[in-house]
Amino acid sequence: MDRAFRRLETKLIHAGEPDPRILGAVAMPIFQSAMYETAGGDYHDLQYIRLNNTPNSVVLHAKLAALEGAEAALVTASGMAAITTTLLTFLSAGDHLLAQDTLYGGTHDFLTRDFASFGISFDFVDGNDPKSWEARLRPETKAIYVETITNPLMQVADLEGIAHFARSKEILSIIDNTFATPVNFRPIENGFDLSLHSCTKYMNGHSDIVAGAVIGRRDLVGRIKHKLDHLGGSLDPHAAFLLHRGMKTLAVRVRHQNESALEIARFLEGRPEIARVNYPGLESNYAHARARKLFEGFGGMLSYELKGGADAAKKFLAATTLPLKAPSLGSVETLLTLPALTSHAGMSREDRQRLGITDGLVRMSVGLEATEELIEDLGQALTT
Ligand code: PLP
């Protein structure tokens, strides 16, 4: 259990696995049991699915912590359960949060629609502008919250600066690392206190479960677990089993997606029908130097704007034959979506325009199909 594995690929396969294997089983069996007999009857020995301490969760905790070089991890029922439970652990009535202004829609809504009912306040800040962090900091600020790569414009904030700012101001730094995955970026090794994931996406990678995770220092994860035990957002053993199975191939999937997305971004950048491609792996991208320094790969997510606006984008989507038209991301299938009509439909048109999310913006989650065939398909759809 405690063997130190050096490389991420090896950790994905071996870290946290039972040693010896249970009855010799090579694959971790599913322990579909809500409760367990207790030896001494002590409350603290209680094993129960809601307490996230049954075998399928425990194996994941050790593997997730090892992947990001952290002390501890905790799986949750969804990415949103990881996010909301973490925020409600460290923020109470009267506290204040600094949050990046381009967050995932669900997180954005939680802050803008639900925070007030808990008496918690927040300010949005520009992840690229340290002056805005300093200007909004208050004595009651407890944490700063950002995403590694933002949706849908694939921006990369000054992540080193944010971690350093949090440390110097003695506030917590929390990052949603869903888009990058530990293959491309490991927040704890880069000075963040807590790394969160929607494991629904790349971590599982097969579009068949929702799950989440929190990774970080043991004392912080312990406090989040205490809150999760009460809020009840625990992961079912069957979903845990599927996540565990999916994670074993994370490195090969993400590395293929890194390469494929870069090739597709370069192809699209050269096309006359395309006005702009957002991908940190492109030399033309504003954050390219930063992403090159911080990341081991630029990820499988990109977005692009068609010159003909919303009509052209809709026509383009309808003309593609390989990608599925669905929101979400990080799976083996290539997915296309129009953020203005899906993930960001809840935002006003003015707010979308201000942030650069135009009606003609297409978001693409690159899957594992042959890159050549994806490019052929996108090419024919652009000229249809
Ligand atoms: N974080 C990011 C970056 C996401 O894209 C999503 C979902 O799309 C979430 C968190 C929420 O995750 P879940 O749907 O697993 O609750």
Side-chain angles (χ1 to χ4, degrees), residues 60 64 68 73-88 99-114 127 145-157 159 174-185 187 192 194-215 224 228 231-236 239-240 242-243 246-247 250 254 257 278 280 295 299-303 324-331 333 335-339 341-347 355 357 361 363-367:
L60 280 172
L64 285 161
E68 293 203 354
L74 175 70
V75 286
T76 59
S78 66
M80 281 310 293
I83 293 165
T84 54
T85 308
T86 299
L87 291 173
L88 293 178
Q100 195 175 5
D101 55 6
T102 49
L103 296 177
Y104 162 65
T107 314
H108 183 274
D109 279 7
F110 183 58
L111 268 52
T112 54
R113 298 187 192 188
D114 298 323
Y145 184 101
V146 297
E147 292 178 0
T148 316
I149 300 175
T150 68
N151 177 23
L153 297 173
M154 313 306 151
Q155 292 169 346
V156 182
L159 301 177
I174 308 172
I175 187 164
D176 180 333
N177 198 35
T178 301
F179 273 39
T181 84
V183 178
N184 290 334
F185 185 65
F192 280 87
L194 286 166
S195 164
L196 312 183
H197 284 273
S198 166
C199 297
T200 312
K201 314 294 183 326
Y202 289 100
M203 290 290 217
N204 176 58
H206 291 76
S207 315
D208 49 12
I209 57 161
V210 287
V214 175
I215 305 172
I224 299 166
L228 190 75
L231 295 180
S234 52
L235 192 65
D236 179 79
L242 287 172
L243 172 58
M247 274 171 57
L250 181 74
V254 169
Q257 285 161 324
N278 304 305
F295 300 162
M301 296 295 298
L302 62 147
S303 63
L324 299 173
K325 284 67 173 183
S328 202
L329 59 117
S331 192
E333 306 87 6
L335 304 175
L336 287 179
T337 178
L338 298 178
L341 298 182
T342 55
S343 54
H344 291 70
M347 203 179 254
L355 292 171
I357 305 165
L361 188 75
R363 192 189 78 177
M364 182 168 189
S365 171
V366 177

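Read the numbers this way: they start at 1 and go in the same order the structure lists the ligands and their atoms.
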- [ ] Can you pull out the closest protein heavy atom to atom 12 (O) of ligand 1? Residue, atom name and distance to 0.1 Å, please.
- [x] Ser198 OG, 3.0 Å
Open item on the list: Among all the protein's non-hydrogen atoms, which is closest to atom 6 (C) of ligand 1, and how far away is it?
Closed with: Lys201 NZ, 3.3 Å
Open item on the list: Looking at every non-hydrogen atom in both residues, tell me the closest pair between Ser331 and Ser365 and how far apart they are.
Closed with: N-OG, 4.3 Å
Task: Minimum-distance protein heavy atom relative to atom 11 (C) of ligand 1 - done: Tyr104 CE2, 3.4 Å
- [ ] Evaluate the side-chain proximity of Thr200 to Asn204: yes if any heavy-atom separation is below 4.5 Å, no if none is.
- [x] no
Open item on the list: Would Gln100 and Thr150 count as a side chain to side chain donor-acceptor pair (under 3.5 Å) here? Give the steps.
Closed with: CA-CA 9 Å; Gln100 195 175 5; Thr150 68; 5.3 Å; no
- [ ] Mind checking whether Cys199 contacts ligand 1 via backbone (N, CA, C, O), side chain (CB onward), both or neither, at a 4.0 Å heavy-atom cut-off?
- [x] neither
- [ ] Check ligand 1 against Ala211 and write out every atom of the ligand that is under 4.0 Å from a heavy-atom position of the residue.
- [x] 15 (O)
- [ ] May I ask you to check whether Leu329 has an N/O atom sitting below 3.5 Å from an N/O atom of ligand 1?
- [x] no
Open item on the list: Considering non-hydrogen atoms of the protein only, which is the closest contact for atom 1 (N) of ligand 1, and what is the distance?
Closed with: Asp176 OD2, 2.6 Å
TODO: Could you check Leu64, Thr86, Ile224 and say which one makes a side-chain contact (heavy atoms from CB on, under 4.5 Å) with Leu74?
DONE: Ile224
- [ ] Would you mind checking which non-hydrogen protein atom is closest to atom 16 (O) of ligand 1, with the distance to 0.1 Å?
- [x] Met80 N, 2.8 Å
Task: Atoms of ligand 1, numbered as shown, that sit under 4.0 Å from any heavy atom of Thr200 - done: 13 (P), 15 (O)
- [ ] Could you give me the CA-CA distance, side-chain angles and deciding distance for Lys201 and Thr181, then say whether side chain to side chain contact (heavy atoms under 4.5 Å, CB included) is met?
- [x] CA-CA 9 Å; Lys201 314 294 183 326; Thr181 84; over 6 Å; no
Open item on the list: Taking 4.0 Å as the limit for heavy-atom contacts, which would you say applies to Ile83 with ligand 1: side chain only, backbone only, both, or neither?
Closed with: side chain
Task: Least distance between heavy atoms, Thr337 atom then Thr342 atom - done: OG1-OG1, 2.7 Å
- [ ] Apply side chain to side chain contact (heavy atoms under 4.5 Å, CB included) to the pair Tyr202 and His197, showing each step before the final yes or no.
- [x] CA-CA 9 Å; Tyr202 289 100; His197 284 273; over 6 Å; no
